[in-house]
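In what follows, chains carry the letters A, B, and so on, assigned in the order in which the sequence lines appear, proteins first and then strands, with residues in each chain numbered from 1.
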Amino acid sequence: MSSKPSIPKGTRDFSPIEMARRNYIFDTIKKVYKRYGFQQIETPAMENLNTLIGTGGDESDQLIFKILNSGDYLSKADEKALADKNSNGLTRSIAEKALRYDLTVPFARYVVQNQNDITFPFRRYQIQPVWRADRPQKGRYREFYQCDADIIGSNSLLNEVDLIKIIDDVFTELFRGKLDYTVSINNRKILQGIIESVGEQDKFEQIVVAIDKYDKIGSDGVIKELYNLGFDEKSGEKLLQLLGVKEASDSFKKLSFEETFKIITLQLEFFEKSIADTINGQKGIEELEFVFEKLKSLGIRTANIKFDPTLARGLGYYTGTIIEVKVDNFPSICGGGRYDDLTGKFGLKDVSGVGISFGADRIYDVLLDNNLYPEFK
RNA sequence: GUGGUUGUAGCUCAGCUGGUUAGAGCGCUGGUUUGUGGUGCCGGAAGUCGCGGGUUCGAAUCCCGUCUUCCACCCCA
């Protein structure tokens with residue numbers, strides 16, 4: 001009896017030619033990371049389930065691949081949970097390890113465990129696969145590589161600037177000016193300010209999720225979701241009006257360097273008038289002003305820079321700047337942001353970090369789709 | 001995870017409500033035309049119809065299961 005061999009859903013084999021292309025991507029990212037003074041680390045594929053859960057919200061907990069305990073795991077299973085068909089409770093008693101879901105949480109764990117040997121701020125990069133029990137789609141896999149760069153142990157916004165410069169450098173090299181891409185930037189504190197100014201801060205998470213869909217479902221869709229959350233018409237309108245600032249940059253397809261920053265300045269001035277009375281809003285505006293000002297003086301090579309007040313990003317741990325990179329017809333190929341307290345969960349307080357992550361597999365697809373690979377020998 | 005969708009020659013696909021030896025284009029190959037391994041013409045090879053069950057006299061076609069693909073939701077690299 002022989003059966004046809006196969007591999008699990010959402011995983012792939014890589015042939016020699018595919019490996020050549022993948023390594024080309026890894027190598028150029030690595031080269032840029034090193035140039036900016038990042039050092040490489042690696043962490044194990046599996047972590048203790050405890051260190052992984054509860055950092056990215058309930059939804060991402062569900063996407064974690066758990067590893068069954070070895071031996072007679074059933075004999076130690078939580079019988080009550082089993083009888084009650086309580087999967088969550090049962091899981092905790094039969095799986096104590098899991099495959100990593102991203103590289104940031106394991107990194108936070110690493111930092112806490114090695115804090116005595118690390119000199120802060122610490123710039124590390126890490127290129128390894130992660131696993132997610134998502135349902136696969138185009139550009140969405142169950143095993144894929146992330147290429148992370150994080151700076152931890154520094155509040156300086158210059159780190160944000162560096163990361164955006166890295167994005168600019170990497171895609172300038174990979175796309176060679178032949179493909180448009182947009183780096184959207186926002187700050188969670190601005191979102192907080194917006195929400196505070198309409199007096200609905202208790203629903204922060206849900207509102208953020210609704211706002212994040214702006215590009216997809218439009219302002220009508222967002223307002224519908226807000227009403228479902230129990231918004232009255234007035235605050236809904238006001239919130240949309242604030243988000244409307246986004247249109248200022250969307251209405252232009254391609255902007256020159258000067259125009260880009262002119263519009264961003266106007267957008268930020270608008271927010272100064274409307275949400276600067278909230279502490280978070282004020283702070284968020286200041287932070288973004290600094291970042292954009294520095295970017296303007298340092299210059300941009302090929303990136304289209306955009307301030308997008310509707311950019312939210314789901315990952316629960318972001319607290320400040322958030323960044324996302326898109327090209328047409330693909331899901332985001334790079335994302336990141338600042339997190340003020342990722343290490344707190346592991347007992348190390350008051351350590352702030354920022355990071356970005358390139359999605360190598362999506363970049364692979366983008367390059368292939370657009371015929372952007374150089375000749376390989 | 002929820003709801004859909006896809007899987008037929010090397011590639012892109014057709015095959016209506018089940019019925020005789022499963023088709024087309026491209027590619028491959030043999031012959032021929034021609035100054036040419038290019039063009040035109042004639043011929044040929046090649047398919048467990050994703051996999052496993054079931055219904056039926058009979059299934060690529062209907063039913064169930066399963067895997068896979070892609071899409072929407074969700075989420076994100």
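- Across the protein-nucleic acid pair, A/Tyr101 atom OH and B/A77 atom C1' stand 10 Å apart, rounded to whole Å.
- Other residues, nucleotides and ligands contribute only 12 or fewer heavy atoms inside 6.0 Å of the CD1 atom of A/Ile279.
- Note on A/Gln137: a side-chain N or O is less than 4.0 Å away from OP1 or OP2 of B/A72.
- The gap from the P atom of B/C74 to that of B/C64 amounts to 29 Å, rounded to the nearest Å.
- To the nearest whole angstrom, the two P atoms, one in B/A22 and one in B/A60, are 10 Å apart.
- Within 6.0 Å of CD in A/Glu79 there are 12 or fewer heavy atoms belonging to other residues, nucleotides or ligands.
- In terms of phosphate contacts, A/Lys138 brings no side-chain nitrogen or oxygen within less than 4.0 Å of OP1 or OP2 of B/C70.
- Under the salt bridge (charged side-chain N to carboxylate O under 4.0 Å, His left out) criterion, no residue pair touches residues 255-279 of chain A, with sequence neighbours excluded.
- To the nearest angstrom, P of B/C75 lies 21 Å from CD1 of A/Ile333.
- In this structure, the CZ atom of A/Arg22 is 12 Å from the C1' atom of B/A77, given to the nearest Å.
- Taking atom C1' on both nucleotides, B/U8 is separated from B/A46 by 14 Å, rounded to a whole Å.
- The aromatic ring of A/Phe358 does not sit over the base of B/A77, since the test of centres under 5.5 Å and planes under 30° is not met.
- One can find a donor-acceptor pair under 3.5 Å joining the base of B/C74 and the side-chain atoms of A/Arg140.
- Within residues 209-220 of chain A, the residues approaching RNA chain B are A/Val209, A/Lys213, A/Lys216, by heavy-atom distance under 4.0 Å.
- B/G25 is paired with B/C11 under the criterion used here, namely a Watson-Crick or G-U wobble arrangement in which both key atom distances are under 3.5 Å.
- The side chain to side chain donor-acceptor pair (under 3.5 Å) test with A/Lys189 is passed by exactly one of A/Glu287, A/Glu286, A/Gln282: A/Glu287.
- Nucleic acid contact class of A/Cys334 (heavy atoms, under 4.0 Å, all strands): sugar-phosphate only.
- The residue A/Pro129 sits apart from the nucleic acid: no heavy atom pair falls under 4.0 Å.
- The base of B/C76 is paired with the side chain of A/Arg362 by a donor and an acceptor separated by under 3.5 Å.
- Under 4.0 angstrom from either OP1 or OP2 of B/C74 there lies no side-chain N or O belonging to A/Arg135.
- B/U2 atom P lies 11 Å from atom CD of A/Gln62, rounded to whole Å.
- B/U66 and B/G50 make up a base pair, with Watson-Crick or G-U wobble contacts both under 3.5 Å.
- Using a 4.0 Å cut-off between charged nitrogen and carboxylate oxygen, A/Glu293 and A/Lys296 do not count as a salt-bridge pair.
- The OH-C1' distance, from A/Tyr141 to B/C76, rounds to 14 Å in whole Å.
- In this structure, the CG atom of A/Asp365 is 15 Å from the C1' atom of B/C76, given to the nearest Å.
- The gap from the P atom of B/A72 to that of B/G30 amounts to 46 Å, rounded to the nearest Å.
- Both tests hold for A/Arg21 against A/Tyr373: distance to the six-membered ring centre under 6.0 Å, angle to the ring axis within 45°.
- The nearest whole Å value for the distance from the CG atom in A/Asn329 to the P atom in B/A77 is 20 Å.
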inquiry  = Determine whether A/Tyr181 and A/Asp168 satisfy the following criterion, side chain to side chain donor-acceptor pair (under 3.5 Å), listing intermediate values before the conclusion.
reply    = CA-CA 10 Å; A/Tyr181 64 103; A/Asp168 188 33; 3.3 Å; yes
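- Distance CG (A/Leu63) to P (B/A77): 11 Å, rounded to an integer number of Å.
- In this structure, A/Arg338 is not positioned above the aromatic face of A/Tyr318 in the sense of NZ or CZ being under 6.0 Å from the six-membered ring centre and within 45° of the axis.
- Residues passing the side chain to side chain contact (heavy atoms under 4.5 Å, CB included) test with A/Ser357, sequence neighbours excluded: A/Gln146, A/Asp148.
- Partner assigned to B/C73 is B/G1, using Watson-Crick or G-U wobble distances below 3.5 angstrom.
- For B/C13 and B/C73, the C1' atoms lie 30 Å apart once the distance is rounded to whole Å.
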